[in-house]
Amino acid sequence: MARKQSETDRRTRERIAAIAEGGPPERTAKRKPRKRTWPYVVILVAAWGVIFGGIFYSRFLSELPDVNSLLVNGPSRAITILDDRGRLIAQRGLTQGVMVDVGKLPSYVPNAFIAIEDRRFRENFGIDPIGIMRAAFENMMVGHVVQGGSTLTQQLAKNLFLQPKRTFDRKIEEAVLALYLESRYSKDQILTLYLNRVYFGAGVYGIEAAAERFFGKHATQLSLPEAAMLAGSVKAPARYNPLADPDASQARANVVLHAMQDAGYIDARTCEEAQATRSRIVRGTATPGSGYFADWVVSQIAGYVGDAKEALIVDTTFDLDAQAEAERAVTAGLDEDGGTFDASQAALVALTPDGAVRAMVGGRSYEDSPYNRATDAQRQPGSAFKPFVYLAAFEHGHNPDDVMDDAPVDIHGWRPGDFEGEYQGEITLTQAFAESSNSVAAQLTAQVGPAVVARTAKRLGIDTPLLAVTSLALGTSVVTPLELTAAYAPFANGGDEAAPYGIVRIRTKDGKVLWQHKKTPPAQVMSPDNLAKMTGLMTAVVQTGTGKAARLDERPSAGKTGTTQDYRDAWFVGFTADLVCGVWVGNDDNAPMKRATGGKLPAYIWKTFMENAEAGLPARPLAGQAVAVASQPEQKPEDGDSLQQLIDKLFSGT
């Protein structure tokens with residue numbers, strides 16, 4: 001320690017002496033130069049950046065979906081519903097056509113999308129920095145978003161994998177997915193995926209489905225103006241699709257054509273010619289209210305074919321012409337007299353006598369209310385239930401010419417009143433039915449038993465559980481318009497059961513039949529004799545009774561009116577040899593109407609529809625009338641007697 005201290009003192013004295021003499025002390029040895037460390041720091045930071053970047057990127061990679069099978073046709077749940085003549089009623093589900101390779105399309109089809117959506121698609125790597133800067137500049141100049149900088153690849157990534165939300169995280173994911181797609185697919189493959197997955201509006205996805213839906217042709221047959229129209233719709237499908245607004249769609253197509261010219265895909269002359277060409281848009285033949293039937297059909301498909309993973313075509317019993325007449329009749333009736341009777345809604349169902357649904361109106365407007373009152377609304381049928389009462393009575397020994405007292409009755413404290421007529425004293429059952437006597441119907445029900453009446457109604461097709469009480473005679477248990485109408489079908493077809501149905505066949509697009517309606521020998525639900533008796537009663541309703549307003553002048557018809565307590569429901573259900581039709585009128589909230597009986601507005605709607613729906617068909621006798629004619633002694637018509645007059649004579653006994 002003493003030696004070190006002595007050495008330190010010596011150096012200190014030398015420095016002081018040197019300073020005193022005006023110079024620095026002499027260095028006994030040179031210092032080694034200091035090493036430069038910044039390159040190592042940079043390398044270290046870069047290495048850690050790569051590590052953390054890899055971890056960050058791998059986080060996305062680990063969550064990215066498998067894209068190896070994107071070019072394979074995925075399952076389609078599209079359902080195409082056709083009427084009995086192959087006309088389009090509706091399309092349900094995410095309608096997507098078959099995968100179309102971009103190489104098989106005319107060059108102007110993909111070029112239209114590139115020109116308007118991503119002009120540097122062939123040059124960028126899934127992200128377009130130039131496009132992003134251009135869009136940012138334009139948006140800054142106008143003060144709000146008018147342009148986007150997304151590439152076609154980014155749009156594809158968004159459509160395939162991401163939710164439609166505008167967040168920073170979503171944009172990062174979109175960019176990563178775009179790079180991911182670009183690393184695995186060629187530009188043509190990406191374009192193929194884009195064209196086959198993009199949404200075009202009106203419920204269709206993909207270029208093939210759009211071409212078929214809007215222009216009635218395959219994508220390979222698209223013209224330049226049509227391709228421009230489809231490319232233009234991508235920006236705002238709900239607004240620019242050809243069905244939503246043809247003028248707006250055409251204007252947008254012109255913008256696309258100018259963009260194609262600017263990009264060098266077409267010349268000025270071709271652009272002008274295309275702009276001057278108006279594309280022919282194929283509109284569906286369905287009526288506005290066909291959605292009620294389409295919804296009813298779709299609800300049954302899974303029960304027949306399970307959870308089908310492929311596009312389905314459903315052939316039905318529906319007749320779009322009859323449906324148009326049904327909608328016109330309902331609309332006209334409510335517009336003309338709905339206010340008078342305080343009636344806001346109506347339903348109509350028309351079937352062939354074997355149960356095939358031909359028309360279905362579930363309400364005043366499907367657009368305003370898709371709730372299907374024809375199939376789902378449970379309402380009291382009122383006197384429209386009486387055919388089941390009288391059929392049960394005939395099966396237990398009564399006859400149409402039996403006389404009963406139409407007078408006030410008291411059945412265990414229940415005193416039914418009459419809504420559609422006055423007490424008439426002693427009358428035949430034919431008269432009682434025609435005038436809709438509540439008293440006689442109640443007496444018959446008490447005699448044969450409410451349970452017997454309930455079983456009779458169930459045998460003819462009433463599936464809704466019925467309360468077996470005496471008031472059942474007046475239709476106090478609820479039913480749907482569809483099941484009540486179908487329960488009248490046996491009166492029209494000769495006495496056989498007839499369950500309502502709308503689907504004839506379910507098949508795939510390549511023709512494979514997955515399910516088909518099979519007609520089996522129907523069970524007889526009433527005897528020919530009782531059928532003739534019931535036909536006589538129901539004919540009297542439209543000839544002389546409460547349903548005179550529904551009488552058809554040109555052909556035999558029969559039916560029954562129905563009115564419920566406080567006029568909450570009004571019905572007319574009737575039939576000819578060709579159609580069975582039921583009409584209900586009322587309010588959704590069950591509010592009373594103003595003295596709206598079944599013989600008024602429902603009968604008017606029924607007659608209007610039946611006259612127009614059956615125009616041109618030959619007049620034929622009812623099934624029950626034919627039975628009655630066959631059982632009568634041979635009679636020759638007098639000069640001037642029509643078929644209806646002869647039948648009337650047979651039923652009147654003259």
Could you measure the distance from the [atom1] atom of [X] to the [atom2] atom of [Y]? Nearest 0.5 Å is fine.
| X | Y | atom1 | atom2 | result |
| --- | --- | --- | --- | --- |
| Gln345 | Asp368 | CD | CG | 9.0 Å |
| Gln221 | Ser223 | CD | OG | 11.0 Å |
| Ile81 | Trp296 | CD1 | CH2 | 11.5 Å |
| Arg213 | Thr80 | CZ | OG1 | 9.5 Å |
| Trp584 | Ile605 | CH2 | CD1 | 10.5 Å |
| Leu105 | Glu208 | CG | CD | 9.0 Å |

Please answer whether the main-chain N or O of [Y] pairs with a side-chain N or O of [X] as donor and acceptor at a distance below 3.5 Å.
| X | Y | value |
| --- | --- | --- |
| Thr508 | Leu312 | no |
| Gln323 | Phe318 | no |
| Ser249 | Asp245 | no |
| Arg373 | Ala347 | no |
| Asp83 | Arg87 | yes |
| Asp118 | Thr151 | no |
| Gln189 | Ser186 | yes |
| Thr331 | Glu327 | yes |
| Tyr292 | Thr375 | no |
| Ser150 | Gln155 | no |

Residue pair [X] / [Y]: nearest heavy atoms and the distance that separates them:
| X | Y | answer |
| --- | --- | --- |
| Ala231 | Ile116 | O-CG2, 4.1 Å |
| Ile506 | Ile503 | CG1-CG2, 3.7 Å |
| Ala374 | Val349 | CB-CG2, 3.6 Å |
| Gly201 | Pro237 | N-CB, 3.5 Å |
| Ala253 | Pro225 | CB-O, 4.5 Å |
| Ala211 | Leu230 | N-CD1, 4.5 Å |

field: Tyr205/Asn196 under side-chain hydrogen bond (donor to acceptor under 3.5 Å, both in side chains): CA gap, chis, key distance, verdict
entry: CA-CA 7 Å; Tyr205 290 77; Asn196 284 279; over 6 Å; no

task: Under the side chain to side chain contact (heavy atoms under 4.5 Å, CB included) rule, what do Val297 and Ile89 come out as? Steps first, then yes or no, please.
output: CA-CA 11 Å; Val297 165; Ile89 299 173; over 6 Å; no

- request: Given side chain to side chain contact (heavy atoms under 4.5 Å, CB included), test Leu348 with Cys581 step by step and report yes or no.
  value: CA-CA 7 Å; Leu348 182 153; Cys581 178; 3.9 Å; yes

Are more than 12 heavy atoms, taken from residues, nucleotides or ligands other than [X], located less than 6.0 Å from that residue's [atom1] atom?
| X | atom1 | answer |
| --- | --- | --- |
| His517 | NE2 | yes |
| Arg122 | CZ | yes |
| Gln300 | CD | yes |

task: May I ask you to decide if the ring planes of Phe113 and Tyr194 are parallel, tilted or perpendicular, using 30° and 60° as cut-offs?
output: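 Geometry flag for Tyr194 against Phe113: perpendicular rings.
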
Can we say [X] and [Y] salt-bridge, meaning some charged N sits less than 4.0 Å from an Asp/Glu carboxylate O?
| X | Y | answer |
| --- | --- | --- |
| Arg278 | Asp247 | yes |
| Glu123 | Arg120 | no |
| Lys235 | Glu117 | no |
| Asp588 | Arg364 | no |
| Asp315 | Arg507 | yes |

message: Could you walk me through whether Val314 and Ile79 satisfy the side chain to side chain contact (heavy atoms under 4.5 Å, CB included) test, starting with their C-alpha distance in whole Å, then the side-chain angles of each, then the deciding distance to 0.1 Å, before giving a yes or no?
response: CA-CA 7 Å; Val314 183; Ile79 300 172; 3.8 Å; yes

task: Mind running side-chain hydrogen bond (donor to acceptor under 3.5 Å, both in side chains) on Ser233 and Asn241 for me, showing each step along the way?
output: CA-CA 5 Å; Ser233 68; Asn241 83 74; over 6 Å; no

Val102, Val109, Thr192 screened by side chain to side chain contact (heavy atoms under 4.5 Å, CB included) with Ile207, the one that passes: Val109

message: When you compare the side chains of Asp354 and Thr352, does any donor N or O come within less than 3.5 Å of an acceptor on the partner?
response: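 Asp354 vs Thr352: donor-acceptor pair found between side chains.
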
Side-chain contact, heavy-atom cut-off 4.5 Å: [X] with [Y]?
| X | Y | value |
| --- | --- | --- |
| Pro242 | Phe200 | no |
| Tyr304 | Leu514 | no |
| Thr480 | Thr485 | no |
| Ile114 | Tyr265 | yes |
| Thr316 | Leu82 | no |
| Leu579 | Arg358 | yes |
| Leu224 | Glu273 | no |
| Arg85 | Asp321 | yes |

- request: List the steps and the verdict of salt bridge (charged side-chain N to carboxylate O under 4.0 Å, His left out) for Arg328 and Asp335.
  value: CA-CA 10 Å; Arg328 277 194 284 268; Asp335 286 348; over 6 Å; no

task: Please say whether the positively charged group of Lys187, taken as NZ for Lys or CZ for Arg, lies over the ring of Phe121, i.e. under 6.0 angstrom from the six-membered ring centre and within 45 degrees of the axis.
output: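 Judged by the rule, Lys187 and Phe121 form a cation-pi pair.
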
Intermediate values then yes/no, salt bridge (charged side-chain N to carboxylate O under 4.0 Å, His left out), Glu226 and Lys217: CA-CA 11 Å; Glu226 292 165 347; Lys217 60 179 63 175; 3.1 Å; yes

- request: Could you go through the side chain to side chain contact (heavy atoms under 4.5 Å, CB included) check for His258 and Cys271 one step at a time?
  value: CA-CA 7 Å; His258 277 301; Cys271 181; 4.2 Å; yes

message: Assess the residue pair Gln250 and Ser279 against the criterion (side-chain hydrogen bond (donor to acceptor under 3.5 Å, both in side chains)); give the C-alpha distance rounded to whole Å, side-chain angles, the decisive distance to 0.1 Å, and a yes or no.
response: CA-CA 8 Å; Gln250 183 65 50; Ser279 298; 4.8 Å; no

field: All pairs passing salt bridge (Lys or Arg N to Asp or Glu O under 4.0 Å) where residues 99-108 contributes a residue, at least two apart
entry: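 Qualifying pairs: none.
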
